[in-house]
Every structure is written in C-alpha cells, then in structure tokens.
There are 2 protein chains.
Amino acid sequence: MNVGRRVDYAVRALSFLAGQPAGKIVSRADIEKCQDIPSFYLSKIMKDLVAGGLVQSHIGSKGGFSLAKLPTSISIKDVYETVERPLVLMDCLERGADYCSYCSVCTQKSIWEEAQKVLAEFLGRISINDIADRQGLKGRLVGSLQKAG
Amino acid sequence: MNVGRRVDYAVRALSFLAGQPAGKIVSRADIEKCQDIPSFYLSKIMKDLVAGGLVQSHIGSKGGFSLAKLPTSISIKDVYETVERPLVLMDCLERGADYCSYCSVCTQKSIWEEAQKVLAEFLGRISINDIADRQGLKGRLVGSLQKAG
DNA sequence: GACAAAGAAGACCTAGAGAGTCTATATTGT
DNA sequence: ACAATATAGACTCTCTAGGTCTTCTTTGTC
Ligand code: SF4
Ligand code: SF4
C-alpha cells in the first residue's frame, strides 16, 4: 500500500521535462543528475514512459527525451499505471477467482473497489503540470548546482 | 500500492467474529476453517490484533478469540494499521530525509500526503460492522459447508 | 492432580518483487 | 568515421510476503 521508487522517479523526470523550454531534449544522464536519480536506473523507467506514449525519445547523438503530451494532460494516475501497474488496491479486483477462492461470498471486496475509485479519482485530477509549476526554478537550480559540483 | 493477505485475512476474521453470537469464543482453527484461511497463518495475525486491542484472546482449553470492541468502532483503517503498518503512501512521509535526499526541494510529496489523507478518511469511515452485517448468514454457511465436507 | 485443548512466541523456508548496476547493440547528428 | 545516445536486457542483492511448523505456557475439565 505504498508507492515505490519507480513512480517517484518517473514523476520527477516528467516534472523536470515539463519545466524545460519547449522543444528541449534532455538526455537520460542529465535527468538523473539533475533529479538525483541513481545512474542508469532511469533507462528502464523511460522505456515504459515511451511505450506508454507519455514521452518521446530521440535516439542518436544529441538525443534524449521530451514530453509527448502537454504536462496538463498527464495525470499522476497515468504515470503510476504506466510505470508500475493498474491502480488496484486488492488483487482480486484485477484477477478475480484466480486470486481468491473466497471471492463468491466476499463482502469486503466492494469496499476496496470503492476506496480504489476514490484514490484513482483523486490522482487522476492531479497533473504533472501541478507539480512542475511549483517546481520550476527549484528543479533547475538543483540541476545547475549538481553540474557545478 | 495494494493490500496484501494479512489485511484481507484480518478483515475476514474480524467480520466473522462480529457475526458470532455475543460472548462466543472461537478458536483459531475454526476461524481458519470457516474463512478459508491457510492453517496456522492466522496465529501471527491474531497476535497483532490482540496486541492492538481489537480482539481479546482466551488462553487454555476451550479458549479462542472474541472481539474486544464493538464492531462498529473498528475501522478498516484500524485493521490495516494494526496488522500491517501506518497508512502511508510514500515512504518519505514517514521517514523523511532518512528515505529521500531530494526531500527539501520536492514538490510531489504533498500530493501523496493529500492522497493518503483522502484514502485514510475513506477507510476510517468503513467499519467491520459494515462488512459483517452483509456477511451474516453467508459467512456461517460457508463454515458449515466446510465442516460438513 | 492429570490431561487435553487452546494461545503465545518465534524459527524456518521459499518465491518473487524492488532497487540498482552494467553491457552489448542499434541509431543518428556532426 | 566517430562520438553520443537510446534500447534491450542480463545480472545481482536484499527485503518482504506468504506460508508452515514446533515448542512453551496457560487453563478448563474430569
Ligand atoms: S476475500 Fe474478498 S477482498 Fe479478499 S481477496 Fe477474496 S474477494 Fe478479494
Ligand atoms: S522526491 Fe519527494 S515524494 Fe519522492 S521520496 Fe523524495 S520527498 Fe518523497
């Protein structure tokens, strides 16, 4: 019932991209440096974000990543589901009787279904832009500090 | 970001106890049988529920468990936090800079804090009684079926 | 008092997930 | 041609979740 590093890093990477000048392409290594993400770890995450259509990749020299959508139209729920899994609180809600033999007489299932709906609705309303906006200078500042060091 | 078996079993066990006649004491093995919970697994969960003051244990022959509170005053959030951990969506919210060096310039933290609040508020409003009520007959039926089999 | 039936406590095992690191390959701008 | 870059995936390590079982202690009942 908690969110792991993949999502954390993904949100930070996307926020960072959202804070760049339009059209700017940033390399994996740069994002990692600026956002204090372990080296190379981002490669796997970015792959998912590209596959999910949230960012655009540019292979080759001077390549890198840029957002593929408006930051206002990328929700935290999108990010979560893209880099991790469908937003599901209890596995039976996704896998049914596969996961639980008690399914047919269960009465708590609907509780989790509703809780999940509440959460999904909330996270669906927050966008990367909501995070990047407030980050703005801060994010870039950290970047230059690290580059300087 | 999903709920595991411990919570599932705990909720079922508590609901089952709530559905018993007042004062009835049920053994671990019986709960396991009636609720289709793996043998012995409940012992560890019940320990936590006892320690958390949600159920009362009765050692010795003819011993077992019974609720220590009204089923209306046990929330799903209580159960979760008793058998698993504090309801926290992002670890930094609990462990601070211990967990994340980026904490000081982070802007997504507050998002998770709010999401967590929304979820906690929802789960805090659902009680074991809400689940047990609807279970009633069903729960006991499964029990007798399994005993017969 | 003896005995059986419970919980308490905790050791033990296994599979898989999460996090992180690195390399080999394909692609592309200069 | 070369350097820089994404892509793909192998690899390791540690921790957790889930499950099983054993030993000890307590207690009701005969
Ligand atoms: S008992 Fe109910 S809530 Fe639990 S896994 Fe089965 S169907 Fe889902
Ligand atoms: S970056 Fe922000 S949200 Fe992520 S762990 Fe650090 S403080 Fe928490």
Side-chain angles (χ1 to χ4, degrees), chain A residues 1-10 12-13 17 23-33 35-52 54-66 68 80 83-85 88-92 95 99-102, chain B residues 1-10 12-13 17 24-33 35-68 80 83-85 88 90-92 95 99-102:
Chain A
M1 181 86 103
N2 48 9
V3 176
R5 283 300 195 188
R6 285 180 68 83
V7 176
D8 188 40
Y9 294 155
R12 272 152 67 181
L17 288 178
K24 178 76 181 294
I25 293 177
V26 191
S27 74
R28 188 211 79 238
D30 278 354
I31 304 176
E32 285 172 348
K33 232 185 297 173
Q35 290 287 313
D36 201 16
I37 296 173
S39 284
F40 295 101
Y41 192 44
L42 213 45
S43 51
K44 287 188 297 191
I45 298 174
M46 294 314 269
K47 209 192 317 181
D48 290 347
L49 290 174
V50 171
L54 303 198
V55 316
Q56 193 177 349
S57 71
H58 309 265
I59 308 185
S61 186
K62 296 285 170 188
F65 301 93
S66 59
Y80 181 88
V83 304
E84 196 112 18
R85 81 188 77 186
V88 160
L89 287 190
M90 187 67 90
D91 284 351
C92 58
R95 298 168 42 197
Y99 179 71
C100 179
S101 58
Y102 203 70
Chain B
M1 182 85 104
N2 48 10
V3 175
R5 284 299 196 189
R6 286 180 67 84
V7 177
D8 187 40
Y9 295 155
R12 272 152 68 182
L17 288 178
K24 179 76 181 293
I25 293 177
V26 190
S27 76
R28 188 211 80 240
D30 279 353
I31 304 177
E32 285 173 348
K33 234 184 297 174
Q35 291 286 314
D36 200 15
I37 296 173
S39 284
F40 296 99
Y41 192 42
L42 214 45
S43 51
K44 286 190 295 191
I45 298 175
M46 294 313 268
K47 210 193 315 181
D48 289 348
L49 290 174
V50 170
L54 304 197
V55 315
Q56 193 177 348
S57 71
H58 308 265
I59 310 184
S61 186
K62 297 284 169 189
F65 300 94
S66 59
L67 286 189
Y80 181 89
V83 304
E84 198 111 18
R85 82 188 76 189
V88 161
M90 187 67 91
D91 283 352
C92 58
R95 298 168 40 197
Y99 179 70
C100 179
S101 57
Y102 202 69

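Proteins get letters first, then strands, A, B, ... in listed order; numbering begins at 1 in each.
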Quiz item: Taking only side-chain nitrogens and oxygens of R5(B), does any of them come within less than 4.0 Å of OP1 or OP2 of dT16(D)?
Solution: no

Result for 5'-nearest mapping on DNA chain C, choosing between S43(B) and S27(B), is S27(B)

Heavy-atom nearest nucleotide on DNA chain C taken for V26(B) and for F40(B); more 5' hit belongs to V26(B)

Separation of dA19(C) atom P from I45(A) atom CD1, nearest Å, is 9 Å

In whole angstroms, the gap separating P of dT27(C) from CD1 of I25(A) amounts to 18 Å

Check the phosphate of dA8(D) against R28(A), side-chain N and O only, distance under 4.0 Å to OP1 or OP2. Yes or no?
no

Side-chain atoms of S57(B) come closest, of dT7(D), dG20(C), dA8(C), to dA8(C)

message: dG19(D), OP1 or OP2 - any side-chain N/O from Y9(B) closer than 4.0 Å?
response: yes

Any base atoms under 4.0 Å from G63(B), or only sugar-phosphate, or nothing? Heavy atoms, all strands.
sugar-phosphate

Between F65(A) and the options V26(A), D30(A), L17(A), the side-chain contact (heavy atoms from CB on, under 4.5 Å) test singles out L17(A)

Here the distance between atom C1' of dG7(C) and atom CG of D48(B), to the nearest Å, is 14 Å

D36(A) CG to dA19(C) C1', in whole Å, measures 15 Å

Between CZ of R95(B) and P of dC15(D) the distance, given in whole Å, is 12 Å

Whole-Å distance, L49(B) CG to dG7(C) C1', equals 14 Å

Which of dA6(D), dA8(C), dA11(C) is nearest the side chain of K44(B)? It is dA11(C)

Of dG7(C), dG19(D), dA4(D), the nucleotide closest to the side chain of S61(A) is dA4(D)

F65(B) CZ to dT27(D) C1', in whole Å, measures 15 Å

- Does a side-chain N-to-carboxylate-O contact under 4.0 Å join D8(A) and R12(A)? yes

For S43(A), the side-chain hydrogen bond (donor to acceptor under 3.5 Å, both in side chains) test, sequence neighbours excluded, returns none

Would you kindly say whether Y9(B) and Q35(B) are connected by a side-chain donor-acceptor distance under 3.5 Å? no

Atom NZ of K62(B) and atom C1' of dA6(C) are separated, to the nearest Å, by 10 Å

Winner on side-chain proximity to K47(B), out of dA9(C), dG9(D), dG18(C), is dA9(C)

Quick note, I59(A) side chain, CB onward, closest among dA6(D), dA17(D), dA11(C) is dA6(D)

(Q) I'd like to know if the side chain of E32(B) pairs up with that of Y41(B) as donor and acceptor (distance under 3.5 Å, no hydrogens or angles considered). (A) no

